[in-house]
**Q** 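Pasting in a structure now, in structure tokens, and then I'll have a few things to ask.
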Amino acid sequence: ETGVTQTPRHLVMGMTNKKSLKCEQHLGHNAMYWYKQSAKKPLELMFVYSLEERVENNSVPSRFSPECPNSSHLFLHLHTLQPEDSALYLCASSQDRGDRGTDTQYFGPGTRLTVL
Amino acid sequence: QKEVEQDPGPLSVPEGAIVSLNCTYSNSAFQYFMWYRQYSRKGPELLMYTYSSGNKEDGRFTAQVDKSSKYISLFIRDSQPSDSATYLCAMRALSWGKLQFGAGTQVVVTP
């Protein structure tokens, strides 16, 4: 595997279900991100982890719960979602160099989520 | 007012034509500018990265930044059907921190 991988690629869930999205980066990066992409809207940054610590949480509802067990893996746990949460969820990674800046973000293919 | 404005398209051009894409922004602090290409059912991939004002060329792609007008452009010369994708602009103020994305412009290059 190379780059950033995401599973599953497609997910359909009911509002009462609990599911998890998984992201794995094979680039040796130390920062990982979750984005939400809805049709005709800009990418919305949800969470950022740098060196396995959450450094940003953009007012995301608590029904989305991230987990970063190590610098290569990132999860997004989902529970009691709403139909408006249907979107493409993208994971990205980059190398955070502290005061010297953050390198380019590399994206995974995304998980297409449909909430019924 | 949105922080980054980008026409959603679709922009349809014949093969071989020049594709012209642009974004406007409101935050004068933005200094780092990027263009991403996103094919259907794929994640965005970085095409061009520029710092501050000026031009940058890479093969058939040219990125321009005009900070005085808060306007950035991407030109694709000799367009090919394989260039059909959604193009996203992105920018940030510092060398680190949150990227602000445009909504993306869908480009269709017809044979």
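What you are looking at is a predicted structure, and each value in this text was computed from that prediction instead of being measured. Worth knowing before you read on, the calculation uses all heavy atoms, side chains too, and leaves out hydrogens, waters and symmetry mates.
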**Q** Could you check if a side-chain atom of A/Leu45 sits within less than 4.5 angstrom of a side-chain atom of B/Leu99, using non-hydrogen atoms only?
**A**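 A/Leu45 vs B/Leu99: side chains apart.
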
**Q** Do other residues, nucleotides or ligands put more than 12 heavy atoms under 6.0 Å from the CG atom of A/Leu27?
**A**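 Result for CG/A/Leu27: enclosed.
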
**Q** Do the side chains of A/Tyr49 and A/Val4 join up, straight or via other hydrophobic residues, at under 4.5 Å, putting them in one cluster?
**A**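 Looking at the clustering, A/Val4 is in a separate group from A/Tyr49.
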
**Q** Same hydrophobic cluster for A/Met15 and A/Leu11, using side-chain heavy-atom links shorter than 4.5 Å among ILVMFWY?
**A**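 They do share one cluster, since a chain of ILVMFWY contacts under 4.5 Å joins A/Met15 to A/Leu11.
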
**Q** Distance from B/Gln100 atom CD to A/Leu43 atom CG, nearest 0.5 Å?
**A**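 If I round to the nearest 0.5 Å, the distance is 10.5 Å.
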
**Q** So with a 6.0 Å cut-off around NZ of B/Lys67, is the heavy-atom count from everything else above 12?
**A**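 Result for NZ/B/Lys67: enclosed.
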
**Q** Listed by residue number, which members of residues 108-116 of chain A have a heavy atom under 4.5 Å from any heavy atom of chain B?
**A**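 Interface residues of residues 108-116 of chain A: A/Gly108, A/Pro109.
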
**Q** Got more than 12 heavy atoms from elsewhere within 6.0 Å of CZ, B/Phe30?
**A**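 More than 12 within 6.0 Å, yes.
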
**Q** CD of B/Gln6 to NZ of A/Lys40: how many Å apart, nearest 0.5 Å?
**A**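 Going from the CD atom of B/Gln6 to the NZ atom of A/Lys40 covers 11.0 Å.
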
**Q** If Ile, Leu, Val, Met, Phe, Trp and Tyr residues are connected whenever their side-chain heavy atoms lie under 4.5 Å apart, and connections chain through other members, are B/Val108 and B/Ile76 in the same group?
**A**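 No; B/Ile76 is not reachable from B/Val108 via cluster members.
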
**Q** Same hydrophobic cluster for A/Leu74 and A/Leu78, using side-chain heavy-atom links shorter than 4.5 Å among ILVMFWY?
**A**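 A/Leu74 and A/Leu78: one cluster.
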
**Q** So for B/Tyr36, is it side chain, backbone, both, or neither that comes closer than 4.5 Å to the heavy atoms of chain A?
**A**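 Contact with chain A is through the side chain of B/Tyr36 alone.
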
**Q** I need the A/Gln37 CD to B/Phe101 CZ distance, nearest 0.5 Å.
**A**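 If I round to the nearest 0.5 Å, the distance is 9.0 Å.
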
**Q** Is any side-chain heavy atom of B/Arg41 less than 4.5 Å from a side-chain heavy atom of A/Leu88?
**A**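 B/Arg41 does not reach A/Leu88 side chain to side chain.
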
**Q** Is there a path of hydrophobic side-chain contacts, each under 4.5 Å between heavy atoms of I, L, V, M, F, W or Y residues, that connects A/Tyr35 with A/Phe75?
**A**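 Cluster IDs for A/Tyr35 and A/Phe75 differ.
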
**Q** Could you state the interatomic distance from CZ (A/Phe107) to CG (B/Leu46), rounded to the nearest 0.5 Å?
**A**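 A/Phe107 CZ to B/Leu46 CG: 9.5 Å, rounded to 0.5 Å.
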
**Q** May I ask you to test the B/Pro44-A/Leu90 pair for a side-chain heavy-atom distance under 4.5 Å?
**A**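 Of all side-chain heavy-atom pairs linking A/Leu90 with B/Pro44, at least one is under 4.5 Å.
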
